[in-house]
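Counting starts at 1 for both ligands and their atoms, in listed order.
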Amino acid sequence: MEQYRGKSIYTGIAIGKLQLFSKEKFSVIRRQEPDSDGQIQRYEEAKEKVAEDLLALRTKTAEQAGETEAGIFDAYAMILQDEDFTEYVTRIIRRQKLNAEFAVYSSGEHFVSLLEGKDSDYVRQRSEDIRDVTGRIVDALMGVSFHADMEEPVILMAEDLTPTQIVQMDKARLLAFVLCSGSAYSHSAILARTMGIPALTGIRFDRSLEGHMAVVDGHTGTLIIDPSKDVLSSMIRKQAQENRENAIFAKMKGKETITLGGKKISLYANIGHVDDVTVALSNDAEGIGLFRSEFLYLGAEDYPSEEEQFAAYKTVAEHMAGKKVIIRTLDIGDDKQADYFHLPKENNPAMGLRAIRICLQRPEIFKQQLRAIFRAAAYGNVAVMFPMITSVEEVVRIKEIMAQVEAQLSEWDLPYKVPQMGIMIETPAAAVISDLLAKEVDFFSVGTNDLAQFTLAVDRQSACMDEVYRSDHEAVMRLVKMVIDNGHAVGIPVGICGELGSNPEMTQTLVEMGVDELSVTPSRILPLRKAIREME
Ligand code: PEP
Ligand code: MG
């Protein structure tokens, strides 16, 4: 048995085999493919291959374990031949001009999401079956024999993972992440947290560990290789205890988020991908407080079209069925790079050409995204929010562009709605002039991740600065209080969408400061609701 100590990105216990990261095995790349017929043919061929594999497995299982056990493959075959499923896949391929792998993967997630919330063993089993079958089709399309050598989900070990790699991961295959480098506050770490699985960073990458049995303890930041019998059983007990606690949190579903004194808090989810809506809803999110829309740009090889963006935002709005969905316009730049933007090389990209600065310099890209958001707003309760604001002039310019977008859409006679507009307060400049900014917008959302980085002059990506980077630093907290008071002075709500809002140790302080909304990692929603309901 060997033990390594790192830093926790997300809590929880995972027990399973270690697998080293290989892009092909874990990513379902999303690509534009104009030849839809060709993609549909690939899909049909992959289905045939999977049908053959399943038949062979069925025969083998029937011989070795009997007819009853082999019945599972009949259920798989039915899913494989399901007409609704095939229709959904071909629609994505044709309408969004996407590759077959991605169409199959996202169709699988769609059908699983339809089953979410129906709590029975049958439904859970069916979700797993759908995921298994779609995984097999994707593997056949990608020429990967995942299921041949890996029957179970694994603990993934990687030197580092970019935000792009994380958004492309097939979550059904992962028990936990173990990373070598990267801070616990980077975008990669935040996206890993959204998945709600244990994750560590700061663990030495070691190829010889491939295939070993391991335990990830996200509470203590520990990775244990080849655990002894005693350690394994104590970890299994810890995991069972965790499951019992989660069952208590699950009782918070459907309850109001309100203190004993009657203060109501909107408890929303942060998401980075359309598929995360499923996780948000299964954790009973009251809305989406931060939809990091750059996932669409990160996962692509070229600018996503207006139609693609519209389809993604509309899907989220419709799934949330009238609950608020705050879409943040693209925050590309810094660690979130997409080659086709051709951004200049800068020494300090976090303080360079990124986010709203790119949008205002390249208004055509910005207008395209805004049109997609305005159009999606006709299908739900959508609001738009702008990142990295530093001045009133920027907000005025944004409002001019929004007016142009509205005029365009009304001229084109497309259904749309002008969404509520808010800004992120994530620079010290914005916090300091929040009294002026408050008069211009419908709401504030405080991005404490960047606010802490710029207030404390500490790079949030730097692993060696993790001890100094504190979003609960007194200076940051004073700015947060100032923003809440300035927002309330003109009657606009103020939320927190940075990681500070997910920190249970700060919930009471933030509620007492007067915050109206907390937008957090989905798996934090129910524990926070419980804590808020117990507050005076
Ligand atoms: C923030 O800066 O707090 C924030 C929510 O935005 P991001 O983490 O995506 O930079
Ligand atoms: Mg930010």
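Note on ligand 1: K336 sits in its first shell, one or more heavy atoms being nearer than 4.0 Å. Within the structure, the closest approach of Q453 to ligand 1 does not fall below 4.0 Å when heavy atoms are considered. A heavy-atom separation below 4.0 Å is not found between E499 and ligand 1. For the pair R460 and ligand 1, a heavy-atom separation below 4.0 Å is found.
Remark: the Y313 side chain and the Q369 side chain contain an N/O donor-acceptor pair separated by less than 3.5 Å.
Nearest to the Mg ion (ligand 2), among the N, O or S atoms that D450 has, is OD2.
By the 3.5 Å distance cut-off applied to N or O atoms, T448 is counted among the residues near ligand 1. The N/O atoms of G447, backbone and side chain alike, include one that comes under 3.5 Å of an N/O atom in ligand 1. Checked against a 3.5 angstrom limit, the closest N/O atoms of R354 and ligand 1 fall outside it.
With L526 as the fixed residue, the side chain to side chain contact (heavy atoms under 4.5 Å, CB included) test singles out one of M252, K251, K255: M252. Considering V511, I484, V494 as possible partners of D516, the one that fulfils the side chain to side chain contact (heavy atoms under 4.5 Å, CB included) test is V494. None of Q404, Q408, E306 except one satisfies the side-chain hydrogen bond (donor to acceptor under 3.5 Å, both in side chains) rule with K367; the exception is Q404. Residue I532 forms a side chain to side chain contact (heavy atoms under 4.5 Å, CB included) with just one option from L510, I258, L518, and that option is L518.
Using a 4.5 Å cut-off on side-chain heavy atoms (C-beta onward), Q309 and Q368 make contact.
K417 NZ: 12 or fewer foreign heavy atoms inside a 6.0 Å radius. Around atom CZ of R470, no more than 12 heavy atoms belonging to other residues, nucleotides or ligands sit under 6.0 Å away.
Here is the list of ligand 1 atoms found below 4.0 Å of a heavy atom in L290: 5 (C). Near I190, meaning under 4.0 Å from any of its heavy atoms, are these atoms of ligand 1: 8 (O). Each of the following atoms of ligand 1 lies closer than 4.0 Å to a heavy atom of R328: 6 (O), 7 (P), 9 (O). Atoms of ligand 1 lying under 4.0 Å from at least one heavy atom of E426, given by number and element, are 1 (C), 2 (O), 4 (C), 6 (O). Interface of M424 with ligand 1, defined as ligand atoms under 4.0 Å from a residue heavy atom, comprises 4 (C), 5 (C), 6 (O).
Counting protein heavy atoms only, atom 7 (P) of ligand 1 is closest to H187 NE2, 3.2 Å.
Residue R292 touches ligand 1 through its side chain alone, judged by heavy-atom distances below 4.0 Å. Contacts between N270 and ligand 1, counted as non-hydrogen atom pairs separated by less than 4.0 Å, are absent for every part of the residue.
The ring of Y303 has its center closer than 6.0 angstrom to the ring center of Y340.
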Item checked: Candidate pair R529 and T257, rule side-chain hydrogen bond (donor to acceptor under 3.5 Å, both in side chains), full reasoning -> CA-CA 5 Å; R529 180 173 297 154; T257 309; 2.9 Å; yes
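Aromatic ring orientation, F102 versus Y105: tilted (interplanar angle from 30° to 60°).
Because the distance cut-off is set at 2.8 Å, E426 qualifies as a neighbour of the Mg ion (ligand 2) through one of its N, O or S atoms.
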